[in-house]
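First comes the structure, then the notes that go with it.
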Amino acid sequence: MMLNSKSTSAPDPLLDPLNPPQRQAVLHAEGPLLILAGAGSGKTRVITHRIAYLVRRGVRPESILAITFTNKAAGEMRRRVEKLLGVEPPWVSTFHSFAARLLRRHLDRVPPYTRDFTIYDEDDSFNLLKSCLEETGVDRGLIPLRSLREEISQIKNRGILEADALPPASDLRSRILRQVYGRYREALEERNAVDFDDLLLLLLKLLETQPDLLERYRRQFRYVLIDEFQDTNRVQYLISHRIAEPHRNLCVTGDPDQSIYSWRGADLQNMLNFEKDYPETAVVKLEQNYRSTGNILETANQVIQFNRQRREKVLWTENGAGEPVEVHCFSSAEEEAREIAELVEELEREGVRGSDIAIFYRTNNLSREIERALVAFNIPYTIVGAIEFYERKEVKDLVAFLRLLVNRRDTESFRRVINLPPRGIGKATLEKLFQAAAQAGVAPLMAALDPALRARAARGRALAGLEAFCSLYQALAGRLDQPVSRLLELLIEQLGYEAYLLSSGLDHLEDRLANLAELVSAAAQYEERQPEGSAGGFLEEISLLAAVDRWEEKRDRVTLMTLHSAKGLEFPVVIIAGLEEGTLPLIRKNTEDRTDREEERRLFYVGVTRAQRQLYLTHARSRLQYGSRFSSSPSSFLKELLSSGPACWLRVDDLTREALAEEEARAGSWDLEWDASGPRRRYSPGGGRTEKDGPEKDGSEKEWAEEDWPDEDPGEDPFPPGCRVYHDTYGEGIVLQASGLGRRRRLTIDFESVGEKRLVLGFARLRRI
DNA sequence: CTTCTGCGTGTTTTT
DNA sequence: CACGCAGAAG
């Protein structure tokens with residue numbers, strides 16, 4: 001990794017470790033700069049050294065605005081600059097955190113917003129949108145909420161804030177969209193809340209409508225750096241453009257081949273058109289890779305060359321070729337998971353640390369099977385994302401209460417906690433309360449706190465419940481000056497939340513109770529980091545935290561994450577699972593081409609280029625989904641990998657080759673059973689009945705214990721020629737001949753159903769019969 | 001008002 | 001399978 005550079009003049013820690021293009025990028029202090037940085041080309045190093053270099057030249061650290069993709073990356077960058085300089089640049093963050101920080105200072109310029117606004121996450125804004133839809137009386141069946149939400153997000157990412165600014169509605173759908181969007185916008189303002197898109201959009205509007213603010217930040221941020229520029233959306237680009245326009249010190253880095261967020265509004269055009277807005281841009285290309293072995297890089301290049309919409313770029317390295325990249329095929333996802341666990345175990349036996357191993361997959365649900373296998377093998381792991389801590393019910397409950405304390409207009413949180421624990425306030429009461437609030441022109445919480453108003457909305461048990469809630473609320477509101485962790489403790493205690501959990505009949509009670517403690521300790525950690533912090537600051541931090549940000553690399557723990565989360569990271573050993581057509585590339589049914597194969601390929605590329613020393617690609621022939629088993633073919637990406645003929649950098653399982661050949665043969669045939677429904681077919685073992693997930697598996701799994709598979713041990717031959725065997729897919733057969741030893745032993749078997757096949761012992765699930 | 005049951009449906013990916 | 005939702009009983 002470290003470059004060996006012996007400079008003749010005095011050693012310079014900022015420039016010496018850099019190669020010529022890297023150095024050029026660092027030295028280009030003034031004027032627009034576009035750094036096309038291939039994977040593993042030392043981009044982060046260039047950015048940190050550039051920041052350090054600017055500071056050394058006399059630029060004040062607070063004049064530098066650096067935007068990264070995750071908070072984790074931001075933290076790392078700050079630390080690295082600190083190491084080089086002894087100074088931490090204060091403005092290194094994600095776009096969203098940066099926006100939140102500025103809005104926290106100025107959003108009261110856009111009434112009715114105040115600086116105590118709440119940030120709504122996906123879930124909150126989804127719920128809010130749902131009630132907006134109900135209010136407007138639009139038939140729910142007309143447009144799925146999901147797509148409505150998506151479209152609204154797209155609108156915002158295009159920079160449109162007011163519903164009136166939408167093009168006049170022509171069809172029913174856009175009329176509804178316009179109407180609901182308008183209502184949603186209003187509802188957010190009433191609640192003093194912003195969603196993720198608003199953070200960016202409102203900041204842009206603030207810069208566009210408040211000349212003094214624009215001026216101020218233009219003067220402050222004399223140098224702007226944007227990392228992962230290929231994944232910025234229009235609004236993000238405009239924010240940086242507004243700030244950098246006069247002084248033109250805008251440095252962007254990115255790799256078009258790693259653009260994987262177009263579904264979130266990321267716009268490659270930002271990168272491709274950069275030179276239009278900044279014609280005097282200097283372009284630096286970083287193509288030397290320091291991260292991976294030659295073989296891994298070869299694989300990466302082979303993958304990405306199949307994309308048509310790209311600028312030619314070939315990564316190269318001086319690193320050795322290393323081990324070949326391995327492709328493995330398994331009969332089922334369960335087996336895939338088990339074999340991955342076994343592989344991890346073996347690697348660890350060889351001395352690889354668990355934390356040096358990462359397992360990637362396309363969708364979160366693929367982690368389950370793998371997790372199960374790792375647990376069975378007693379291998380410690382951490383999983384990034386999936387069931388997020390801050391999305392758990394018990395955590396959300398408490399956070400909602402906290403939010404309501406900070407922002408009384410946060411009606412979504414109010415809804416969540418008003419009857420928690422149950423105190424007899426139901427839909428009807430709530431409805432009346434909302435009406436009373438609307439009439440009085442106040443937020444529902446304020447109506448509840450007003451004795452006259454609440455008496456109008458409820459009586460009897462419900463009224464008593466409201467009163468109980470209000471006295472609790474007021475007691476806690478009086479304690480807002482306390483540290484957040486203390487406030488949370490009080491909250492848990494006074495709500496009687498533990499007792500409520502225990503009597504709620506929810507499952508995983510110990511976990512939930514432990515989560516309460518973890519939340520309190522997260523707050524305590526926040527206080528330690530931010531002694532000046534407030535409840536509002538804590539809330540902001542947790543709502544802008546990404547899954548990876550919460551991930552702490554723990555020694556000896558294998559890491560599991562989605563390919564998206566893997567962006568920007570690197571691991572000595574990488575395993576990418578589920579390389580199956582339909583899964584990676586992911587293909588959604590009933591949606592034509594909404595998924596972009598090129599973006600899927602880039603995603604695969606991102607995964608491949610995370611690997612430093614070893615890369616394993618696995619796929620399974622069948623997978624459980626929705627409770628029944630579906631068969632799956634190898635990913636077309638694997639086919640592409642193999643298309644260049646025999647390659648020394650790739651070691652491919654015979655079963656994969658067979659599967660690909662089968663797929664090819666099938667393509668032209670009219671085999672109804674296999675061909676009817678596209679890439680995903682119900683699994684039919686031996687070509688017969690549909691197999692429902694049955695209990696018979698348990699019995700057979702035991703027989704595949706690892707001790708049956710001597711590794712490179714010539715001992716006795718478990719499958720001598722002439723013996724009869726059973727195979728999960730092919731059924732019964734007779735071993736004709738065998739060669740090789742241990743797990744790599746190859747068998748030629750004559751199956752009754754499909755004829756002769758060659759299989760690799762270590763990966764074929766064979767049973768002697 | 002709360003809780004239970006049965007039915008239908010199927011979420012990429014994440015700030 | 002597993003979750004959310006609608007509808008009915010208590």
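Here is the naming used below: chain letters follow the sequence lines, and residue numbers restart at 1 for every chain.
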May I ask you to say whether [X] pairs ionically with [Y], meaning some side-chain N is under 4.0 Å from a carboxylate O?
X        : Y        : value
A/Arg185 : A/Glu189 : yes
A/Asp121 : A/Lys396 : yes
A/Arg512 : A/Asp397 : no

Of the listed nucleotides ([options]), which one gets closest to any side-chain atom of [X]?
X        : options                : value
A/Tyr626 : B/dT15, B/dG10, B/dT12 : B/dG10
A/Phe196 : B/dT2, B/dT15, B/dT13  : B/dT15
A/Thr562 : B/dT12, B/dC1, B/dT14  : B/dT14
A/Arg146 : B/dT15, B/dT11, C/dA2  : B/dT11
A/His96  : B/dT15, B/dT13, C/dA2  : B/dT15
A/Pro422 : B/dC1, B/dT13, B/dT2   : B/dT2
A/Thr363 : C/dA2, B/dT12, B/dT15  : B/dT12

Inset, instruction - Using the C1' atom on both, measure B/dT11 against C/dA2 and round to a whole Å. - result: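 Per the computed distance, 13 Å lies between those C1' atoms.
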Legend entry - Between B/dT13 and C/dG4 - P atom distance, rounded Å: 15 Å
Legend entry - Upstream residue (5' side of DNA chain B) when A/Glu599 and A/Ala428 are each assigned their closest nucleotide: A/Ala428
Between [N] ([atom2]) and [X] ([atom1]): distance, integer Å:
X        : N      : atom1 : atom2 : answer
A/Ile587 : B/dT13 : CD1   : P     : 16 Å
A/Asn71  : B/dT15 : CG    : P     : 9 Å
A/Leu463 : B/dC1  : CG    : C1'   : 15 Å
A/Leu569 : B/dT13 : CG    : C1'   : 15 Å
A/Leu145 : B/dT9  : CG    : C1'   : 15 Å
A/Lys427 : C/dG7  : NZ    : C1'   : 12 Å
A/Lys432 : B/dC1  : NZ    : P     : 8 Å
A/Gln154 : B/dT15 : CD    : C1'   : 14 Å

Under 4.0 angstrom between [X] side-chain N/O and [N] OP1 or OP2:
X        : N      : answer
A/Asn364 : B/dT14 : yes
A/Ser97  : B/dT15 : no
A/Asn419 : B/dT2  : yes
A/Ser565 : B/dT14 : yes
A/Lys130 : C/dC5  : yes

Heavy atoms under 4.0 Å, any strand shown: does [X] hit a base, just sugar-phosphate, or nothing?
X        : answer
A/Ile425 : sugar-phosphate
A/Ala462 : nothing
A/Thr429 : sugar-phosphate
A/Arg368 : sugar-phosphate
A/Tyr261 : sugar-phosphate

Inset, instruction - Quick one: sort the A/Tyr181 and A/Tyr184 rings into parallel, tilted or perpendicular, breaks at 30° and 60°. - result: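 It falls in the tilted class, 30° to 60°.
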Inset, instruction - Look at the aromatic rings of A/Phe98 and A/Phe221 and report parallel, tilted or perpendicular, splitting at 30° and 60°. - result: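 A/Phe98 and A/Phe221: perpendicular rings.
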Legend entry - Residues A/Asp410 and A/Tyr120: side-chain donor-acceptor under 3.5 angstrom: yes
Inset, instruction - With a 4.0 Å heavy-atom cut-off, tell me which residues in residues 233-240 of chain A come close to DNA chain B, sorted by residue number. - result: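 Residues of residues 233-240 of chain A that come under 4.0 Å of DNA chain B do not exist, since none gets that close.
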Inset, instruction - May I ask you to test the A/Asn71-A/Ser97 pair for a side-chain heavy-atom distance under 4.5 Å? - result: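 Side-chain contact under 4.5 Å: yes.
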Inset, instruction - Find out whether A/Glu580 and A/Glu336 are in side-chain contact, i.e. whether some heavy atom of one side chain is under 4.5 Å from a heavy atom of the other. - result: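 Yes, side chains in contact.
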Legend entry - Aro-ring/base stack A/Phe95-B/dT15, d under 5.5 Å, angle under 30°: no
Inset, instruction - Assess A/Arg104 against A/Phe117: is NZ or CZ under 6.0 Å from the centre of the six-membered ring, and within 45 degrees of the ring's axis? - result: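 Yes; both conditions hold, so A/Arg104 lies above the ring face of A/Phe117.
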